[in-house]
There are 2 protein chains.
Amino acid sequence: MRRISERVWAPGELIPGEVDLAQEFGCARATVNRALRQLAEAGLLDRRRKGGTRVARYPVRKATLDIPVTRLEIEGRGVPYRHTLLNREICCPPDSICEAMDVSQTTQLLHLPALHFADGKPFLYEDRWINTAAVPEIQDEIFSEINANEWLIEHALFSRGDIRFSAANATKKEAKILQCEAEQAIFIIDRTTWNKDQSVTSVRLAYAPGFHMRSQI
Amino acid sequence: MRRISERVWAPGELIPGEVDLAQEFGCARATVNRALRQLAEAGLLDRRRKGGTRVARYPVRKATLDIPVTRLEIEGRGVPYRHTLLNREICCPPDSICEAMDVSQTTQLLHLPALHFADGKPFLYEDRWINTAAVPEIQDEIFSEINANEWLIEHALFSRGDIRFSAANATKKEAKILQCEAEQAIFIIDRTTWNKDQSVTSVRLAYAPGFHMRSQI
DNA sequence: ACAGTTATTATGTGCAGACATAAAAACTTG
DNA sequence: CAAGTTTTTATGTCTGCACATAATAACTGT
């Protein structure tokens with residue numbers, strides 16, 4: 001890492017093989033392998049079999065950010081958390097959701113719009129659609145004690161998911177719900193999760209103005 | 001992973017030790033160790049010495065997203081890229097930058113606002129401040145062939161960085177630069193990078209309306 | 001000259017065994 | 001019984017070796 005950051009090994013340059021490095025540093029090849037693998041994961045190296053290891057031409061650091069559990073995020077700021085389920089119905093979702101979840105337009109999904117409060121003020125408007133075929137047990141849940149987000153975490157782990165971050169102007173409806181002015185800039189997260197090619201849930205998170213997401217790289 | 005997603009091992013539950021798992025799966029402990037370490041990195045397991053390994057109570061998947069190199073991002077979409085340096089001056093930055101970069105308010109920094117175009121249309125307005133004390137060579141660079149972002153990637157690797165994502169309404173100035181309407185929602189990335197406790201650069205990226213950042217989890 | 005085959009090689013992945021380390025558990029002592 | 005000490009234990013990390021695999025390089029025959 002020092003040699004990369006101090007340009008002893010320049011971007012794009014081929015670095016010595018594992019065996020050579022092991023000898024130079026006086027350790028086993030497995031140790032070198034692990035170190036190089038970590039640096040490759042971090043985006044600092046490009047490795048190819050037989051091709052050797054070279055410093056990434058664009059040493060793109062990867063930011064990792066946790067998918068937040070809203071309640072914990074709010075409680076972590078030291079303010080009280082509250083949660084309200086705004087509706088509960090089974091109906092056909094809009095086309096955008098059908099497409100995101102890869103279900104036919106005639107599929108009935110469970111619609112659970114909800115509002116999370118931090119310190120009594122609206123914090124996050126969550127517009128969630130759940131594929132009941134993937135988690136049939138959810139139909140018996142009332143969500144009085146626990147919110148949909150955490151229920152799903154406990155009962156329906158996913159194998160993969162798409163996540164999309166964007167900015168949008170608050171619609172009149174969103175402005176009313178989040179108690180802000182229409183057209184204010186809102187941070188949006190759209191997330192769809194899957195379990196073995198079956199979509200589990202698709203959710204649009206609209207954070208109240210002023211929200212920001214931090215990360216370290 | 002199957003046992004976690006199918007709740008054979010429930011959240012919070014202590015799973016067998018490495019030695020037991022190695023015996024059960026008929027492999028070496030090192031192999032089990034590597035598998036468990038990967039799952040812990042992914043956020044599915046919590047591990048502690050002596051304490052053992054347990055399924056994360058909130059199996060928070062971590063989204064990893066690359067810090068984008070704007071030119072590559074645009075060219076990756078198959079459209080031509082262009083870049084314009086809007087200004088170049090050495091002056092005292094606003095207080096917010098001084099605070100973010102941890103320099104005194106009398107420090108002179110290199111200010112390099114720039115505009116990136118995708119397919120001839122404004123794509124990203126980049127308001128960058130550079131600590132010339134950290135990268136003195138930059139004073140001799142003209143940025144005619146290469147933009148500041150890529151110059152820094154080639155010449156000044158950082159050891160760590162803070163990154164912040166948010167949404168903001170376009171100011172009149174930003175609207176004019178990005179050729180959009182004032183008050184439109186803009187996706188913002190604020191990033192400050194450091195090299196051994198010395199700030200290198202702080203940049204605010206304002207993406208044109210419609211931009212979104214994707215990731216997989 | 002060229003297509004097809006074979007050899008080489010750097011990384012990928014695995015094994016068995018060893019010692020290090022942190023934290024919990026058990027034990028001692030005033 | 002509380003405070004301090006020792007023991008135990010599960011993970012952390014390393015060594016040295018072996019074989020797998022993919023991609024390149026070298027070779028071959030027409």
Side-chain angles (χ1 to χ4, degrees), chain A residues 1-5 7-62 64 66 72 157 159-160 216-217, chain B residues 1-62 64 66 72 76 157 159-160 216-217:
Chain A
M1 195 154 184
R2 188 186 61 73
R3 288 185 186 179
I4 293 171
S5 70
R7 325 232 127 236
V8 180
W9 293 333
E13 185 179 332
L14 195 68
I15 74 171
E18 294 188 352
V19 181
D20 299 332
L21 290 174
Q23 187 167 13
E24 181 193 340
F25 285 96
C27 66
R29 189 171 83 89
T31 310
V32 173
N33 180 279
R34 191 172 154 189
L36 294 185
R37 176 133 34 93
Q38 277 185 21
L39 290 174
E41 258 170 46
L44 290 174
L45 294 177
D46 275 336
R47 318 194 72 197
R48 263 189 308 180
R49 265 188 192 171
K50 161 72 183 172
T53 302
R54 49 184 71 229
V55 180
R57 198 184 296 276
Y58 298 98
V60 181
R61 286 291 193 79
K62 285 168 176 125
T64 65
D66 302 357
L72 296 180
L157 280 190
S159 52
R160 66 187 174 87
Q216 296 268 321
I217 48 178
Chain B
M1 195 155 182
R2 188 187 61 72
R3 288 187 186 179
I4 293 171
S5 70
E6 292 180 5
R7 326 232 126 235
V8 180
W9 293 333
E13 184 179 333
L14 196 69
I15 74 171
E18 294 188 352
V19 181
D20 299 332
L21 289 174
Q23 186 166 13
E24 182 193 340
F25 285 94
C27 66
R29 189 171 84 91
T31 309
V32 172
N33 180 279
R34 191 172 155 189
L36 294 185
R37 175 133 34 94
Q38 277 184 21
L39 290 174
E41 258 171 46
L44 290 174
L45 294 176
D46 276 336
R47 318 194 72 196
R48 263 190 307 179
R49 264 189 190 167
K50 163 70 185 173
T53 301
R54 50 184 69 228
V55 180
R57 196 185 296 276
Y58 299 97
V60 182
R61 287 292 194 81
K62 284 166 177 135
T64 64
D66 302 357
L72 297 180
L157 280 192
S159 53
R160 67 188 173 86
Q216 296 267 322
I217 47 179

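In what follows, chains carry the letters A, B, and so on, assigned in the order in which the sequence lines appear, proteins first and then strands, with residues in each chain numbered from 1. In this text, all values refer to a predicted model and were calculated from it rather than measured experimentally.
- One atom, CG of L36(A), and another, C1' of dG12(C), lie 12 Å apart when rounded to the nearest Å.
- Regarding contacts with the backbone of dT11(C), a side-chain N or O of T53(A) is found under 4.0 angstrom from either OP1 or OP2.
- For R34(B), the side-chain atoms get nearest to dG14(C) when compared with the rest of dT11(D), dG14(C), dA22(D).
- Remark on DNA chain C: of its neighbouring residues R37(A) and G52(A), the 5'-side contact belongs to G52(A), judged by nearest-heavy-atom nucleotide.
- A 6.0 Å sphere centred on CZ of R37(B) holds more than 12 heavy atoms belonging to other residues, nucleotides or ligands.
- In this structure, R47(B) atom CZ and dT9(D) atom C1' are separated by 14 Å, rounded to whole Å.
- Both K50(A) and P16(B) sit near DNA chain D, but only P16(B) has its closest nucleotide nearer the 5' end.
- Nearer to the 5' terminus of DNA chain D, by closest-nucleotide assignment, is the contact made by V19(B) (compared with the other of A30(B) and V19(B)).
- Between R29(A) and dG16(D), a side-chain N or O to OP1/OP2 separation shorter than 4.0 Å is absent.
- Distances shorter than 4.0 Å separate none of the side-chain N or O atoms of N33(B) from OP1 or OP2 on dT13(D).
- The pair E24(A)-R3(A) counts as a salt bridge, with a side-chain nitrogen and a carboxylate oxygen less than 4.0 angstrom apart.
- Here the side chain of E18(A) is nearest to one of dG12(D), dT15(D), dT11(C), namely dT11(C).
- Remark: C1' of dG12(D) and CG of L39(B) are 17 Å apart, rounded to the nearest angstrom.
- When rounded to the nearest whole Å, the span between CZ of R54(A) and P of dA10(C) equals 13 Å.
- Between L45(B) atom CG and dA10(D) atom P the separation is 17 Å, expressed in whole Å.
- Atoms CG (D46(A)) and C1' (dA23(D)) sit 16 Å apart, rounded to a whole Å.
- Between T31(A) and dT13(D) there is no side-chain N or O to OP1 or OP2 distance below 4.0 Å.
- From L44(A), atom CG reaches atom CD1 of I4(A) across 5.0 Å, with rounding to the nearest 0.5 Å.
- Using a 4.0 Å heavy-atom cutoff across all strands shown, G17(B) reaches sugar-phosphate atoms only and no base atom.
- One atom, CZ of R48(B), and another, C1' of dA25(C), lie 14 Å apart when rounded to the nearest Å.
- For R160(B), the CZ atom counts as densely surrounded, since its 6.0 Å shell holds more than 12 non-hydrogen atoms of other residues, nucleotides or ligands.
- E18(A) has its side chain within reach of R47(A): a pair of non-hydrogen atoms, C-beta onward, lies under 4.5 Å apart.
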